[in-house]
Number of protein chains: 2
Amino acid sequence: MPTQMTQSDGAGAPEEAAKPQRADALRNRARVLEAAESVFAAEGISVPVDVIAEKAGVGVGTLYRHFPTKEKLFEAILVGRITEIAEEARARAGADDPGAAFFGFLAHVVEESASKRDLIQALLGAGVEIEMAVADCKKNLEAAVAELLAVAQRAGAVRPDVTPAVVLAVVSATCMAADHHPGAGTGDILQIVCDGLRPPAPPATGPERRA
Amino acid sequence: MPTQMTQSDGAGAPEEAAKPQRADALRNRARVLEAAESVFAAEGISVPVDVIAEKAGVGVGTLYRHFPTKEKLFEAILVGRITEIAEEARARAGADDPGAAFFGFLAHVVEESASKRDLIQALLGAGVEIEMAVADCKKNLEAAVAELLAVAQRAGAVRPDVTPAVVLAVVSATCMAADHHPGAGTGDILQIVCDGLRPPAPPATGPERRA
DNA sequence: TGACAAACGGAGCTATCGTTCCGTATAGTC
DNA sequence: GACTATACGGAACGATAGCTCCGTTTGTCA
């Protein structure tokens, strides 16, 4: 449960004093977050809020006191998830073997995101309005991936013409494909994508690559 | 507009005599289908039926007389689209250059499906109950792709370990990624996938491929 | 042209879901 | 233990969207 947020942070107001919350309020907030995380992951973003509230063991009123809208709740979870992935990328950026670090990262993300419908849908953009908070978060992720990618490219492990945007696109696509085509093994798809990201073999002979 | 269907075919009853429909009924049916096709493609499957009816220039009542549910209407369109793709695969299966035929097919599908939200969502399975009719259709598509793939593999243009299911998964993933990550060029993503599908360079030297 | 079955249109019914409101319960404090 | 601000619960409201119903229109056939 990495997702945390300061409940009400209005945009412009320079409010500072985070007044202490009551113990039960804190507890319930955490419960809602936890319940939402699992329910969204399992069912996607279209589950009714009632379901989340019930799973959390609170009333809908309580849910709405902590998160002003369903979308905000989802956003909170999303920001947590994406931030986590970005941290993972940063953590791997300094590894000894840049190639292994890069491809390991891809595998990690795919594995982690498999069966997380909500994340997938969000990355996909299906039916979700991209909020500013999430957009910023994505920028952060893209920056982290850019670094990891650059190192791997410098080491010759990844094609030089690949951009961070392409990496993100390809990764989310792999997650989606894996989730919805159970017939095709996740590993097989990932393998294809990874090999496609590698440079076309040093001096080269093989069949015409790159049109 | 390849989508066609015999309006009411009950499951078990061996009814044969397709009683002739009135001219306006036929016309309206076609209009609904056409409108639905473009609206679904543009907005996804969540558009209200009213929108489709309006675009078709008919009332919702008329829409529902031709298609018992919104889902059935969508299904009709889907079946048409998927069948078309399957035919494309079959048409290319006998080409001179199996490799070019195979990769050309992938490019064709991606290009054709770009900007077709509904198809993508359906391939994804997001929020759509897979109906029998569509499932059959998918089987047909998979068979067609299997043939095209087999020929290409025999010619050494595609990895031998790739299965039809993987190809479909990878293609739909590419469509989705291209649609939702405008930052990453469709061509770039397709390139990566295609190269990943190719065999790992004849005798080989390059960096370790295939774990 | 008249008659009738077939088809149409769209108001409105129903179910669902996000959100609000307010009476009740409780954590924290003296 | 009493008091109060804080938080809770869940009934109810409003909006939306799928679908139905029935009075009206129209194609077809003689």
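To find a chain, count down the sequence lines: A is the first, B the second, and so on, and within it residues start at 1. Since we're looking at a predicted model, the values are computed, not measured.
In this structure, A/L26 places its CG atom 19 Å from P of C/dT26, rounding to the nearest Å. Atom P of nucleotide C/dT26 and atom CZ of A/R65 are separated by 15 Å, given to the nearest angstrom. Following rounding to the nearest Å, A/R31 (CZ) and D/dC8 (P) show an atom-to-atom distance of 10 Å. What separates CZ of A/F67 from P of D/dA7 is a distance of 14 Å, to the nearest Å. Taking atom CZ of A/R27 as the reference point, atom P of C/dA25 lies 17 Å away to the nearest angstrom. Between the P atom of D/dC19 and the CZ atom of B/F74 lies a distance of 14 Å, rounded to the nearest Å. Taking atom CG on B/L73 and atom P on D/dC19, their separation rounds to 10 Å, with Å as the unit. When rounded to the nearest whole Å, the span between CG of B/D50 and P of C/dA11 equals 11 Å.
Here the straight-line distance linking atom CD of B/E84 with atom CD of B/E87 works out to 7.0 Å at 0.5 Å rounding. Atom CG of B/L78 and atom CG of B/L73 lie 10.5 Å apart (nearest 0.5 Å). A distance of 4.5 Å separates CZ of A/R198 from CZ of A/F103, quoted to the nearest 0.5 Å.
Under the 3.5 Å distance criterion, the side-chain polar atoms of B/S172 are matched with a main-chain donor or acceptor of B/A169. No side-chain donor-acceptor contact under 3.5 Å links A/E112 to the backbone of A/R81. Looking at B/K70, its side chain does come within 3.5 Å of a backbone N or O of B/V47 through a donor-acceptor pair. Judged purely by atom type and a 3.5 angstrom limit, B/T69 uses its side chain to pair as donor or acceptor with the backbone of B/K72.
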Write out a two-atom table: protein N or O, nucleotide N or O from nucleotides 28-30 of chain D, distance below 3.5 Å.
| residue | atom | partner | partner atom | Å |
| --- | --- | --- | --- | --- |
| D/dT28 | OP1 | B/A23 | N | 3.2 |

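Shown for residues 53-64 of chain A: residues whose heavy atoms fall under 4.0 angstrom of DNA chain D, namely A/G57, A/V58, A/G59, A/V60, A/G61, A/T62.
More than 12 non-hydrogen atoms from other residues, nucleotides or ligands lie less than 6.0 angstrom from CD of B/E88.
In this structure, B/V51 reaches neither bases nor backbone, as no heavy-atom distance under 4.0 Å exists between it and the strands shown.
Of the listed nucleotides (C/dC8, C/dC17, C/dC22), C/dC8 has the atom at the smallest distance from the side chain of B/N28.
Regarding contacts with the backbone of C/dC8, a side-chain N or O of B/H66 is found under 4.0 angstrom from either OP1 or OP2.
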- Message: Checking B/R90 against B/N140 for the side chain to side chain donor-acceptor pair (under 3.5 Å) test, could you report, in this order, the C-alpha distance in whole Å, the side-chain angles of both residues, the deciding distance, and whether it holds?
- Response: CA-CA 10 Å; B/R90 289 231 162 71; B/N140 175 34; 3.2 Å; yes
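Position along DNA chain D of the nearest nucleotide to B/K70 versus A/A25 favours A/A25 as the more 5'-ward residue.
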